[in-house]
A.B. asks: 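The following block contains the structure, expressed as structure tokens.
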Amino acid sequence: MNARTLTVRSADGAELHAEVYGPEGAPAVVLAHGWTCSTAFWAEQIRDLAVDHRVVAYDQRGHGRSPVPSDGGYSTTALADDLEAVLAATLGPGERAVLAGHSMGGMTIMAAAGRPGFVQHAAAVLLCSTGPSRLTAEATVVPFGPGGLRTRLTGVVLGSKAPLGPVNGLSKRILKYATMGPGSAPERVDACARIVHACPRPSRYGWSQVLAHLDLEAGLRDLRVPTAVLVGTADRLTPPAHSRAMAEALPHCTGLTELAGVGHMTPVEAPEAVTAQIRELTLTYLGARPTSKEAGV
């Protein structure tokens, strides 16, 4: 599928790679991917939504085709700046969109929730497999009971500077255990592994340090637009406890969806469910009608 590509400059001068798909004038959707991922993570959502939506996807700084930032370029402030810059560059004045954020992309939305550019453009939000705080304390990647030891070991594992090495059978088994449900199809595991292994090591480490100390509880409470929450029940990185707490804390939660047996990589593991959530939000809050195929015609 052809895309219009553009380079967006953020507040600190960082350059971001962005892609725009679909017909001009169609209801807009903006997709923000997670830690160690890229626009490729949203491939199935882009393919399905771009038929009748204008879909914007961008590489978070240091991911995909967005350059690795300087040492001071890793922060939740930078994430919010970047999202505001993408919204300003790809949407018209006052144009509203549905924003979907997976993992760190959801954290990006929470970080930007009180920003003028976000308030101007956000019609509704999907928070997908994410959390606002206590990420290492709640993660179950390390198979110990809750407590200080598990939290410390989780920080060591997720914050490692070690190279990931080539994509092979062992690395895919490790990635599947840590990030995906036990029933994930091999081709989906392979797709996720190739995306994650392509993330530059400095960016992987730099963002891991931000996530280890994350506190976006205030941003969550500032997220006043209609917001849907989605999580897999087998998510080890942001377990369902995060999503349940977010659903309770959000000023306007439209619903919590828990996908049985699905892990952290929901847009790749359960693409139809994620796309359906986005479509429901565009229909409700942007007036986007389903295609004749979706309507059963």
A.B. asks: Evaluate Ser103 against Leu237 for side chain to side chain contact (heavy atoms under 4.5 Å, CB included), listing each step before the verdict.
C.D. replies: CA-CA 9 Å; Ser103 192; Leu237 288 177; 6.0 Å; no
A.B. asks: Would you call the rings of His264 and His102 parallel, tilted or perpendicular, taking 30° and 60° as the class edges?
C.D. replies: tilted
A.B. asks: Quick one: list whatever passes side-chain contact (heavy atoms from CB on, under 4.5 Å) with Ala80, sequence neighbours left out.
C.D. replies: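 side-chain contact (heavy atoms from CB on, under 4.5 Å) list for Ala80, sorted by chain: Ala111, Ala112, Arg115.
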A.B. asks: With a 4.5 Å cut-off on side-chain heavy atoms, are Trp35 and Val210 touching?
C.D. replies: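 When only atoms from C-beta onward are counted, Trp35 and Val210 do not touch, as no gap falls below 4.5 Å.
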A.B. asks: Would you check if there is a donor-acceptor pair between the side chains of Thr5 and His17 at a distance under 3.5 Å?
C.D. replies: no
A.B. asks: Does some side-chain heavy atom of Leu99 sit less than 4.5 Å from a side-chain heavy atom of Phe118?
C.D. replies: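 Contact flag for Phe118/Leu99 side chains = yes.
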A.B. asks: Under a 4.5 Å side-chain heavy-atom rule over Ile, Leu, Val, Met, Phe, Trp and Tyr, are Ile278 and Val262 clustered together?
C.D. replies: yes
A.B. asks: Flag the pair Cys253 / Val229 as yes when at least one side-chain heavy-atom distance between them is below 4.5 Å, and no otherwise.
C.D. replies: yes
A.B. asks: Check whether Glu269 reaches the backbone of Gly181 with its side chain - one donor and one acceptor, N or O, closer than 3.5 Å.
C.D. replies: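 Yes; at least one donor-acceptor contact below 3.5 Å.
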A.B. asks: Search all heavy atoms of Gly114 against all heavy atoms of Asp222 and return the closest pair with its distance.
C.D. replies: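 Where Gly114 meets Asp222 most closely, the heavy atoms are N-CB, 4.4 Å.
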A.B. asks: Tell me whether Thr108 contacts the main-chain N or O of Leu79 through its side chain, where contact means a donor paired with an acceptor under 3.5 Å.
C.D. replies: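 Checked: no pair found.
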A.B. asks: Above 12 or not: heavy atoms from other molecules or residues under 6.0 Å from CD of Glu187?
C.D. replies: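 More than 12 heavy atoms, drawn from other residues, nucleotides or ligands, come within 6.0 Å of this atom.
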A.B. asks: At what distance, to the nearest 0.5 angstrom, does CD of Gln60 lie from CG of Leu83?
C.D. replies: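 With rounding to 0.5 Å, CD (Gln60) is 8.0 Å from CG (Leu83).
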A.B. asks: Are Val30 and Val225 co-members of a hydrophobic cluster defined by side-chain heavy atoms under 4.5 Å apart?
C.D. replies: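 Yes; Val30 is reachable from Val225 via cluster members.
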A.B. asks: Looking only at heavy atoms, what is the nearest atom pair of Pro239 and Val231, with distance?
C.D. replies: C-CG2, 4.5 Å
A.B. asks: Specify the closest pair of heavy atoms between Ala162 and Ser160, including all atoms of both residues, with the distance to one decimal.
C.D. replies: N-OG, 3.0 Å
A.B. asks: Any idea how Tyr58 and His33 line up, ring-wise: parallel (<30°), tilted (30 to 60°), or perpendicular (>60°)?
C.D. replies: tilted
A.B. asks: Going from OG on Ser184 to NZ on Lys172, what distance comes out if it is rounded to the nearest 0.5 angstrom?
C.D. replies: 13.0 Å
A.B. asks: Are Val125 and Leu87 linked, directly or through intermediate hydrophobic residues, by side-chain heavy-atom contacts shorter than 4.5 Å (ILVMFWY only)?
C.D. replies: yes
A.B. asks: Start with the C-alpha gap between Arg96 and Tyr285, add the side-chain angles, then the distance that decides, and say whether side chain to side chain contact (heavy atoms under 4.5 Å, CB included) holds.
C.D. replies: CA-CA 9 Å; Arg96 297 173 75 75; Tyr285 299 103; over 6 Å; no
A.B. asks: Would you check if the side chain of Gln45 reaches a backbone N or O of Pro267 as a donor-acceptor pair within less than 3.5 Å?
C.D. replies: yes
A.B. asks: Treat each ILVMFWY residue as a node, draw an edge where side-chain heavy atoms are under 4.5 Å apart, and state whether Met246 and Leu256 are in one component.
C.D. replies: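 Yes, Met246 connects to Leu256 through the hydrophobic network.
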A.B. asks: Would you say the side-chain atoms of Arg65 pair up with the backbone N or O of Asp59, donor to acceptor, closer than 3.5 Å?
C.D. replies: no
A.B. asks: Rounded to the nearest 0.5 Å, what separation is found between the CZ atom of Arg173 and the CG atom of Leu175?
C.D. replies: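 Here the interatomic distance stands at 12.5 Å.
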A.B. asks: Supply the atom-to-atom distance Asp48 CG to Glu272 CD, rounded to the nearest 0.5 angstrom.
C.D. replies: 7.5 Å
A.B. asks: State, yes or no, whether a side-chain contact exists between Arg224 and Val119 at a heavy-atom distance under 4.5 Å.
C.D. replies: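 No, every pair of side-chain atoms sits at 4.5 Å or beyond.
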A.B. asks: Ignoring hydrogens and geometry, is there a side-chain-to-backbone donor-acceptor pair from Glu84 to Gly117 under 3.5 Å?
C.D. replies: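 Indeed, once roles are kept as given, a pair shorter than 3.5 Å links the two residues.
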A.B. asks: Kindly check if the number of other-residue, nucleotide or ligand heavy atoms within 6.0 Å of CG (Asn168) is above 12?
C.D. replies: yes
A.B. asks: Between Arg61 and Asp81, does any NZ, NE, NH1 or NH2 come within less than 4.0 Å of an OD or OE carboxylate oxygen?
C.D. replies: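 No, this pair does not count.
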A.B. asks: Under 3.5 Å, which donor-acceptor pairs do the side chains of residues 211-220 form with other protein atoms, sequence neighbours left out?
C.D. replies:
unit_1	atom_1	unit_2	atom_2	d
His213	ND1	Gln209	O	3.0
Asp215	OD1	Glu217	N	3.2
Glu217	OE2	Ser133	OG	2.6

A.B. asks: Tell me yes or no: between the side chains of His63 and Ser203, is some donor less than 3.5 Å from an acceptor?
C.D. replies: no
A.B. asks: Mind checking the OG1-CZ spacing from Thr36 to Phe41? Nearest 0.5 Å is all I need.
C.D. replies: 8.5 Å
A.B. asks: Closest approach of Trp42 and Ala100, non-hydrogen atoms and distance?
C.D. replies: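 Shortest heavy-atom separation between Trp42 and Ala100 comes out as CZ2-O, 3.9 Å.
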A.B. asks: For the residue pair Leu164 and Arg204, establish whether any side-chain heavy-atom pair is separated by less than 4.5 Å.
C.D. replies: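 Yes, close enough: below the 4.5 Å cut-off.
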A.B. asks: Looking only at heavy atoms, what is the nearest atom pair of Asp52 and Ala26, with distance?
C.D. replies: O-CB, 3.7 Å
A.B. asks: So, His53 side chain and Leu49 main chain: donor-acceptor pair closer than 3.5 Å or not?
C.D. replies: yes
A.B. asks: Please check if the side chain of His197 supplies one atom and the backbone of Gly165 the other of a donor-acceptor pair under 3.5 Å.
C.D. replies: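 Checking the backbone N and O of Gly165 against the side chain of His197, a donor-acceptor pair under 3.5 Å is found.
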A.B. asks: Contact between Thr227 and His252 at the side-chain level, heavy atoms closer than 4.5 Å - yes or no?
C.D. replies: no
A.B. asks: Any side-chain heavy-atom pair from Arg188 and Met265 closer than 4.5 angstrom?
C.D. replies: no
A.B. asks: Please answer whether the main-chain N or O of Thr140 pairs with a side-chain N or O of Arg150 as donor and acceptor at a distance below 3.5 Å.
C.D. replies: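 Between the backbone of Thr140 and the side chain of Arg150 there is no qualifying donor-acceptor contact (under 3.5 Å).
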A.B. asks: Are any side-chain N or O atoms of Ser171 and backbone N or O atoms of Pro166, one a donor and one an acceptor, separated by less than 3.5 Å?
C.D. replies: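 Present.
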A.B. asks: Would a distance-only check, ignoring hydrogens and angles, find a side-chain to backbone donor-acceptor pair under 3.5 Å from Ser66 to Gly62?
C.D. replies: no
A.B. asks: Given the rule in the side chain to side chain contact (heavy atoms under 4.5 Å, CB included) test, do Thr284 and Thr254 qualify, once you have shown the distances and angles that lead to the verdict?
C.D. replies: CA-CA 11 Å; Thr284 304; Thr254 64; over 6 Å; no
A.B. asks: Within the structure provided, determine whether Val98 and Leu286 are in side-chain contact (heavy-atom separation under 4.5 Å).
C.D. replies: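 Counting from C-beta outward, Val98 and Leu286 do come under 4.5 Å.
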A.B. asks: Of all heavy-atom pairs between Ile195 and Cys37, which one has the smallest distance, and what is that distance?
C.D. replies: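 Closest pair (atom of Ile195, atom of Cys37, distance): CG2-CA, 3.6 Å.
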A.B. asks: Do Val141 and Val189 share a hydrophobic cluster, counting only Ile, Leu, Val, Met, Phe, Trp and Tyr and linking them when any side-chain heavy atoms are less than 4.5 Å apart?
C.D. replies: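 No, Val141 does not connect to Val189 through the hydrophobic network.
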A.B. asks: Could you please spell out the steps behind the side chain to side chain contact (heavy atoms under 4.5 Å, CB included) verdict for Thr130 and His242?
C.D. replies: CA-CA 7 Å; Thr130 190; His242 286 296; over 6 Å; no
A.B. asks: Supply the atom-to-atom distance Thr238 OG1 to Leu127 CG, rounded to the nearest 0.5 angstrom.
C.D. replies: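 Here the interatomic distance stands at 10.5 Å.
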